[in-house]
Student: 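Would you mind keeping the following structure in view while I ask a few things?
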Amino acid sequence: MDLYEARMMDKGELHVHLNGLVSTQVIRGVLEKNIIEMPEHFNIDTDLNVTHPARSLVDYLKPWQFLRLIPASRFDLSIMIESAFSNLIAENIKFVELRNSIIYIALLNNISVSEALKWVLDDIDFFSKKFNIQAGLIR
């Protein structure tokens, strides 16, 4: 089996962090739109995407220094979830269990945890239908 054949096989993803599925381009757009200040010593070009094994837990968690600051609005959440589903369909994922901190979304957006949960579930439902991917949320 070659790489293309493997990529085109139906697959499932278990326990995938939503923010880790969002494309860098979308994250840059969210950053620019909201004028979010980057954490000190954070470089979006080198620190956002982990492309090799981390040397330490600090290195491994470095992307989350920034990712924990988004989404800063309902619109940002929607474009992030759409990006995640777009990336999943590109890998022929048919089933996904997404993980996200609902409490962070609530705190970042000054809304209740119930409202944040509704935002996430509504978007997961909408984009799972749009991309024909069975999806659930792990909280």
Student: How many angstroms lie between atom CD of Q134 and atom CD of E97, to the nearest 0.5 angstrom?
Tutor: 9.5 Å

Student: Take Y60 and R55 through the side chain to side chain contact (heavy atoms under 4.5 Å, CB included) test and state the conclusion after the steps.
Tutor: CA-CA 8 Å; Y60 178 77; R55 293 174 286 162; over 6 Å; no

Student: Looking at K11 and M9, would you say the former's side chain and the latter's main chain have a donor-acceptor pair under 3.5 Å?
Tutor: yes

Student: In this structure, are over 12 heavy atoms from other groups packed under 6.0 Å from N43 atom CG?
Tutor: yes

Student: Using side chain to side chain contact (heavy atoms under 4.5 Å, CB included), reason through L137 and L117 one step at a time and then give a plain yes or no.
Tutor: CA-CA 10 Å; L137 176 68; L117 180 60; 3.7 Å; yes

Student: Tell me if a side-chain donor or acceptor on N100 pairs with a main-chain N or O of L18 at a distance below 3.5 Å.
Tutor: no

Student: Using only atom types and a distance under 3.5 Å, with no angle test, would you say the side chain of D125 pairs donor to acceptor with the backbone of L121?
Tutor: no

Student: Within the structure provided, determine whether I81 and F126 are in side-chain contact (heavy-atom separation under 4.5 Å).
Tutor: no

Student: Tell me whether L108 shares a hydrophobic cluster with L31, the cluster being built from Ile, Leu, Val, Met, Phe, Trp, Tyr side chains joined at under 4.5 Å.
Tutor: no

Student: Are L48 and L57 grouped together when hydrophobic residues (ILVMFWY) are joined by side-chain heavy atoms under 4.5 angstrom apart?
Tutor: yes

Student: Walk me through it: do F131 and I93 pass the test side chain to side chain contact (heavy atoms under 4.5 Å, CB included)?
Tutor: CA-CA 10 Å; F131 289 96; I93 303 298; over 6 Å; no

Student: Working to the nearest 0.5 angstrom, can you tell me the gap between N19 CG and I27 CD1?
Tutor: 6.5 Å

Student: Do the side chains of V16 and I105 join up, straight or via other hydrophobic residues, at under 4.5 Å, putting them in one cluster?
Tutor: yes

Student: With a 4.5 Å limit on heavy-atom distance, are the side chains of I79 and V22 in contact?
Tutor: no

Student: Mind checking whether F75 and I111 sit in one hydrophobic cluster, side chains of I, L, V, M, F, W, Y counted as touching below 4.5 Å?
Tutor: no

Student: Looking at every heavy atom in both R74 and N109, which two are closest together, and how far apart are they?
Tutor: N-OD1, 4.2 Å

Student: Verify, without hydrogens or angle tests, whether S86 (side chain) and E82 (backbone) share a donor-acceptor contact under 3.5 angstrom.
Tutor: no

Student: I want to check something: taking the side chain as every heavy atom from C-beta on, are F85 and I133 in contact at a cut-off of under 4.5 Å?
Tutor: yes

Student: I need the minimum non-hydrogen distance between Y104 and R68, along with the two atoms involved.
Tutor: CD2-O, 4.1 Å

Student: Around K129, counting heavy atoms of other residues, nucleotides and ligands shown, do more than 12 lie under 6.0 Å from its NZ?
Tutor: no

Student: Counting N and O atoms only, with roles assigned by atom type, does the side chain of D47 sit under 3.5 Å from a partner on the main chain of P63, one being a donor and the other an acceptor?
Tutor: no

Student: Answer yes or no: is there an ion pair linking K130 with D123, defined by an N-O contact shorter than 4.0 Å?
Tutor: no

Student: Between D76 and P71, what is the shortest heavy-atom contact and its length?
Tutor: CB-CB, 3.7 Å

Student: Please tell me if the side chains of R28 and S23 come closer than 4.5 Å, counting only heavy atoms from C-beta onward.
Tutor: no

Student: Would you say V120 and E115 make side-chain contact, with heavy atoms under 4.5 Å?
Tutor: no

Student: If every non-hydrogen atom of S128 is compared with every non-hydrogen atom of A135, which pair is closest and at what distance?
Tutor: CB-CB, 4.0 Å

Student: Once you round to the nearest 0.5 Å, how far does OG of S56 lie from NZ of K62?
Tutor: 9.5 Å

Student: Taking the side chain as every heavy atom from C-beta outward, state whether L98 and I138 have any atom pair closer than 4.5 Å.
Tutor: no

Student: Please check if the number of heavy atoms outside L107 that lie under 6.0 Å from its CG is greater than 12.
Tutor: yes

Student: Sequence neighbours left out, what pairs pass ring pair (Phe, Tyr, Trp, His ring centres under 6.0 Å) with at least one residue falling in residues 12-39?
Tutor: H15-H17, H17-W64

Student: Is the shortest heavy-atom distance from the side chain of I70 to the side chain of M80 under 4.5 Å?
Tutor: yes

Student: Any side-chain heavy atom of S83 sitting closer than 4.5 Å to one from L21?
Tutor: no

Student: Apply the test side chain to side chain contact (heavy atoms under 4.5 Å, CB included) to residues W119 and I102: give CA-CA distance (whole Å), side-chain angles for both, the deciding distance (0.1 Å), then the verdict.
Tutor: CA-CA 9 Å; W119 284 7; I102 303 304; over 6 Å; no

